[in-house]
Visitor: 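There's a structure below that I have some questions on.
Sequence positions, counted from 1, serve as the residue numbers for this chain. Just follow the structure's listing: the first ligand is 1, and inside any ligand the first atom is 1. Please read these numbers as outputs of a predicted model, since none were measured by experiment. Side chains are part of it too, since the values below use all heavy atoms of this structure and drop only hydrogens, waters and symmetry mates.
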Amino acid sequence: MTPIRKVIKENKSNNIPIWIMRQAGRYLPEFREIRKKNPDFIKLCLDSTISTEITLQPIRRYGFDAAIIFSDILMIPYGMGQKVEFKKDFGPQLGALNINDILKINEETFVKKLSPIYELIKNLKNNKDLNNRDIIGFVGAPWTLLVYMINKISPKNGLNNLFFKDEDLIEKILIVLDKFIKLHIKNQIKAGATVIQIFDSWAGLLSKDLERFIYKPTISLVEYVKSLNVPVVCFPRQIINYVDFCNVVNPDMISIDYNINPKYLLNKINIPIQGGLDPKVLLTNKENLKKETIKYLELFKNHPYVFNLGHGILPETNTDMVEELVNIVRSYK
Ligand code: 1CP
């Protein structure tokens, strides 16, 4: 059995698996080399030969226990026909949202547009370097995708005042997102994904209406993935109450950010846990890295746990520090 499935299915914690969020990306010189030659990020994601290579880069370098596919959560709005661009030193920029056009997109068109992503997964499945590792497929949660689709840019400086203005539009998008996210999940699993992770990176923006924007739409996806017999991991970053989220949504594993006190959570829930370590720790020194990493390993000694960070690895991270992190986790007994 693959390492993450084992933690989830057998509810055991010996030989803690490790992978890191954004492991295929900008902190790797070999990724930056490819990126320089490929200025169009969407095109890069849709070139299955190169995206396969990028997915494998961190596996070759560090031997992580899981490969997360090189893609992006915004490939779903792209597949639904909204323009998506990634601007240097700015981040994503989405185009005008025309709901009538989106409602006309049929499933076949969507799957065809995103088919290189499924090709990438098939390539991984047939790649010997992967040797019993998990292949993590992923989607953005409906709330986080809704945020990008309406706000058009990263909400890191807050949401546009008019965000909640058009109730009817929001309702229509949530319905159509449920359909296309499920379609994307189904096709990733059909191609060979062994785990699905749902990224709700902007869950922390909400302090009310969680039922409508987070619980209800996420339960729909979690139940769908479970019905396909594949484990589902949720990352509701900075959600106001992780305990309520776990009790209500009930994913197979919860991925935690670095603001939640892991000890508190451990005593309150009994599903497997992933992640937690602040990615900024990798910018400090080896001694501090060891101290902070051991804290998580000790704490989760008797609980099913997958080692990971509390958010994506920062682009300025030194590759030696990642190697040290892997050594610390691997040599922990
Ligand atoms: O190893 C991997 O994880 C690579 C695959 C991957 C994943 C899982 C990428 C490649 N993006 C994602 C998920 C993703 N994309 C999330 C959820 C996880 C998280 O919170 O980090 C989010 C919110 C996005 C949206 C996005 N795409 C952003 C964030 C913008 C913001 O609002 O702050 C950015 C910068 C991108 C571009 C992107 N996606 C991936 C990479 C390597 C990059 C950088 C591209 C570049 O400029 O070279």
Visitor: Is it true that the side chains of Gln57 and Gln23 contain a donor and an acceptor less than 3.5 Å apart?
Guide: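 Note: Gln57 and Gln23 side chains miss the donor-acceptor criterion.
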Visitor: Short N/O distance, under 3.5 Å, between Asp72 and ligand 1?
Guide: yes
Visitor: Counting only heavy atoms, which portion of Arg22 has something under 4.0 Å from ligand 1: side chain, backbone, both, or neither?
Guide: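 The answer is both.
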Visitor: Measure the CD1-CG distance between Ile260 and Asn241 for me, rounded to the nearest 0.5 Å.
Guide: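 Result: 8.0 Å between the selected atoms.
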Visitor: Using a strict 4.0 Å cut-off to heavy atoms of Ile68, name the atoms of ligand 1 that fall inside it.
Guide: 1 (O), 2 (C), 3 (O), 8 (C)
Visitor: Tell me which part of Lys88 gets within contact of ligand 1: side chain, backbone, both or neither, using heavy atoms under 4.0 Å.
Guide: neither
Visitor: Any idea which atoms of ligand 1 are less than 4.0 Å away from a heavy-atom of His311?
Guide: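 Result: 19 (C), 20 (O), 21 (O).
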Visitor: With a heavy-atom distance limit of 4.0 Å, tell me whether Phe41 approaches ligand 1 through its side chain, its backbone, both, or neither.
Guide: side chain
Visitor: Quick one: look up the protein heavy atom nearest atom 33 (O) of ligand 1 and list residue, atom name and how far away it is.
Guide: Ser154 OG, 3.4 Å
Visitor: Can you sort out which atoms of ligand 1 are near Phe86, meaning under 4.0 Å from one of its heavy atoms?
Guide: 27 (N), 36 (C), 37 (C)
Visitor: Could you tell me whether Lys6 atom NZ has more than 12 heavy atoms of other residues or ligands within 6.0 Å of it?
Guide: no
Visitor: Is ligand 1 under 4.0 Å from a heavy atom in the side chain of Arg237, in the backbone, in both, or in neither?
Guide: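 The answer is neither; Arg237 stays 4.0 Å or more away.
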Visitor: Is Pro92 in contact with ligand 1, taking contact as a heavy-atom separation below 4.0 Å?
Guide: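 Yes, Pro92 has heavy atoms under 4.0 Å from ligand 1.
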Visitor: Quick one: look up the protein heavy atom nearest atom 42 (C) of ligand 1 and list residue, atom name and how far away it is.
Guide: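 Scanning the protein heavy atoms, the shortest distance from atom 42 (C) of ligand 1 goes to Phe70 CE1, 3.7 Å.
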Visitor: Supply the atom-to-atom distance Met1 CE to Asp134 CG, rounded to the nearest 0.5 angstrom.
Guide: 10.5 Å
Visitor: Please could you name the atoms of ligand 1 that Trp202 approaches to less than 4.0 Å, counting only its heavy atoms?
Guide: 32 (O)
Visitor: Given Pro279, Gly140, Ser201, Gly312, which one has a non-hydrogen atom that is nearest to atom 20 (O) of ligand 1?
Guide: Ser201
Visitor: Quick one: which ligand 1 atoms are inside 4.0 Å of a heavy atom on Tyr148?
Guide: 23 (C), 25 (C), 29 (C), 30 (C), 31 (C), 32 (O)
Visitor: Look at atom CD of Glu316 and say whether more than 12 heavy atoms of other residues, nucleotides or ligands are closer to it than 6.0 Å.
Guide: yes
Visitor: Nearest to atom 47 (O) of ligand 1, what protein heavy atom do you find, and at what distance?
Guide: Arg35 NH2, 3.3 Å
Visitor: Measure Ile69 to ligand 1 on non-hydrogen atoms and call it side chain, backbone, both or neither using the 4.0 Å cut-off.
Guide: backbone
Visitor: Does one hydrophobic cluster hold both Phe307 and Tyr258, with members joined at side-chain heavy-atom distances below 4.5 Å?
Guide: no
Visitor: With heavy atoms under 4.0 Å as the rule, classify the contact between Ser71 and ligand 1 as side chain, backbone, both or neither.
Guide: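 Ser71 to ligand 1: backbone contact only, side chain stays beyond 4.0 Å.
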Visitor: Would Arg26 and Arg35 count as a side chain to side chain contact (heavy atoms under 4.5 Å, CB included) here? Give the steps.
Guide: CA-CA 9 Å; Arg26 293 171 288 181; Arg35 184 76 170 98; over 6 Å; no
Visitor: Mark up the atoms of ligand 1 that fall under 4.0 Å of a heavy atom belonging to Phe138, in ascending order.
Guide: 7 (C), 8 (C)
Visitor: What orientation do Phe64 and Tyr62 show, parallel under 30°, tilted 30 to 60°, or perpendicular over 60°?
Guide: tilted
Visitor: Give me the nearest non-hydrogen protein atom to atom 35 (C) of ligand 1 as residue plus atom name, then the distance to 0.1 Å.
Guide: Arg26 NH2, 4.0 Å
Visitor: Does Ala24 reach ligand 1 with a nitrogen or oxygen that is under 3.5 Å from one of the ligand's nitrogen or oxygen atoms?
Guide: yes
Visitor: With a 6.0 Å cut-off (strictly less than), is the heavy-atom count around NZ of Lys268, excluding the residue itself, greater than 12?
Guide: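 Open: at most 12 neighbouring heavy atoms sit under 6.0 Å from NZ of Lys268.
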Visitor: For the atom pair CD (Gln93) and NZ (Lys83), what is the distance rounded to the nearest 0.5 Å?
Guide: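 The distance works out to 9.0 Å.
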Visitor: Mind checking whether Phe31 has a heavy atom under 4.0 Å from ligand 1?
Guide: yes
Visitor: Tell me whether Lys190 forms a cation-pi arrangement with Tyr118, defined as NZ or CZ under 6.0 Å from the six-membered ring centre and within 45 degrees of its axis.
Guide: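 Pair Lys190/Tyr118 does not count as cation-pi.
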Visitor: Go through the steps for Trp19 and Ile4 under the test side chain to side chain contact (heavy atoms under 4.5 Å, CB included), then give the verdict.
Guide: CA-CA 10 Å; Trp19 69 279; Ile4 296 183; 3.6 Å; yes
Visitor: Are the charged groups of Glu171 and Arg212 less than 4.0 angstrom apart, N to O?
Guide: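 A salt bridge is present here (some side-chain N lies under 4.0 Å from a carboxylate O).
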